[in-house]
Amino acid sequence: MAYSVEKEDIINIIKAGIFAPSGDNCQPWEIYFDGGKLYLKNIESKDTSLYNVKNIASYIAFGAMIENMIITARSLGYEISTTLFPEGENSSLVATLSFIKGQPVFDPLLNFIDKRCVNRKKYKPMQLETHARESLKTTAAQFKGAELFLIEDEEEKKKLAELLSVNDRILFENKNLHDFLFEHLRWTKKEAEKSRDGMSIESLELGLVQRKVFRLLSSWTFVRFLNMVGFSKFVPAQSYKLCKGSSALCLLLMEGTGFDSFVYGGRAFQRIWLTAASLGLSLHPMTGITFLIQRLRMGEDKGLSNSHRELLIDIYQRLKDIFPIENKAIIMSFRIGYADPPSDNSLRLPVQRVLIEGYP
Ligand SMILES: Cc1cc2nc3c(=O)[nH]c(=O)nc-3n(C[C@H](O)[C@H](O)[C@H](O)COP(=O)(O)O)c2cc1C
């Protein structure tokens, strides 16, 4: 078979791909290379969270991976042609990438692929600079059907912060969501380096006392006990403050509701995140609630209690009053702003653990 892409180049393209973000850093992928094409395969068992309804959180992560790969391939002189769901939307094969040799095209965002990271710190009380706001909007507009909303007005931010932070209450009242989070927390450097997935406890940016309490909260029995005295109702206060205190709360929508909209939306999101990094802006996805709403919309409300269903219906209504989300894929809600660097970065599985030679 004629090799359309050099082995060394393909390794660099894959390395860039796996820098992509994924829910709780679960890295739900396997990458196959048959000498000519790359095949991106979703490993469903890696993300069994209720948030990942019909794999849409993973599809967003795949979109981010594809964007990283495209930027890197161009810099190496390849155009990538992407086919999404070549075996249909029910197959685990998310995308096939073919390479066409051409001239190298340098994209300034290339330099931020390995620098972009989530920052869960408190952000500085600063307004977005005009050129930053414009750059983010321009980036979103490069993707047909994408709409990026930046909420900067204090009163509007409070309204949205209240809706988004309800996620943290549900997280501590739902065993699946609770267990998935705690299974992905790495408590020591050694643990993080061994697994090379999940999130280090440092990256959650908790205070000393909060961190000690968090360890105890890994026990669902203990959380249930605390909830008898109303613990979960107090949890959203922290996220609410973080949201309210950021320069902007953002929502990214994509036209359509098919799975391809989530992959394409993931590409747009990654480009927005890379642009934010290039502008010195920190970014923190706070998007649990949008995935739970999509669970309801997709008629997949199993796993949610009646009271949570009612709560989510109410939040959905209130979100609809703010954003035109009907019949659109809700890709991501996140906060952005200016902050000190994060305390820790998440690790990735090495290429040899995700790359498989051959056809999937
Ligand atoms: C689809 C998706 C949803 C995410 N949701 C959240 C979230 O609600 N809260 C959060 O703190 N991080 C969220 N993240 C960020 C991931 O936890 C983060 O990207 C991952 O741990 C890897 O870290 P890095 O981005 O610093 O490389 C999300 C990421 C993706 C791709």
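For ligands, and for the atoms within them, numbers begin at 1 and follow the listed sequence.
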For ligand 1, is there an N or O atom under 3.5 Å from any N or O atom of P285?
yes
Ligand 1 to P21 polar contact by distance, N or O atoms, under 3.5 Å
no
Residues that Y240 engages under ring pair (Phe, Tyr, Trp, His ring centres under 6.0 Å), provided they are two or more places apart
none
Step through it carefully: locate the ring centre of F231, locate the ring centre of F222, and say whether they are under 6.0 Å apart.
no
Which residue and heavy atom of the protein sit nearest [atom], plus the separation:
atom                    : value
atom 26 (O) of ligand 1 : V118 N, 2.9 Å
atom 2 (C) of ligand 1  : M332 CE, 3.6 Å
atom 16 (C) of ligand 1 : S22 O, 3.3 Å
atom 8 (O) of ligand 1  : T287 N, 3.2 Å
atom 27 (O) of ligand 1 : R348 NH2, 2.6 Å
atom 17 (O) of ligand 1 : R120 NH2, 3.1 Å

For the residue pair R309 and N306, confirm or rule out a side-chain donor-acceptor distance under 3.5 Å.
yes
Where on N345 is there a heavy atom closer than 4.0 Å to ligand 1, on the side chain, on the backbone, on both, or on neither?
neither
If you draw the axis of the six-membered ring of Y316, does the NZ or CZ of K320 fall within 45° of it and under 6.0 Å from the ring centre?
yes
Ionic contact status for K189 with D344, cut-off 4.0 Å:
yes
Between E202 and R211, does any side-chain N to carboxylate O distance fall below 4.0 Å?
yes
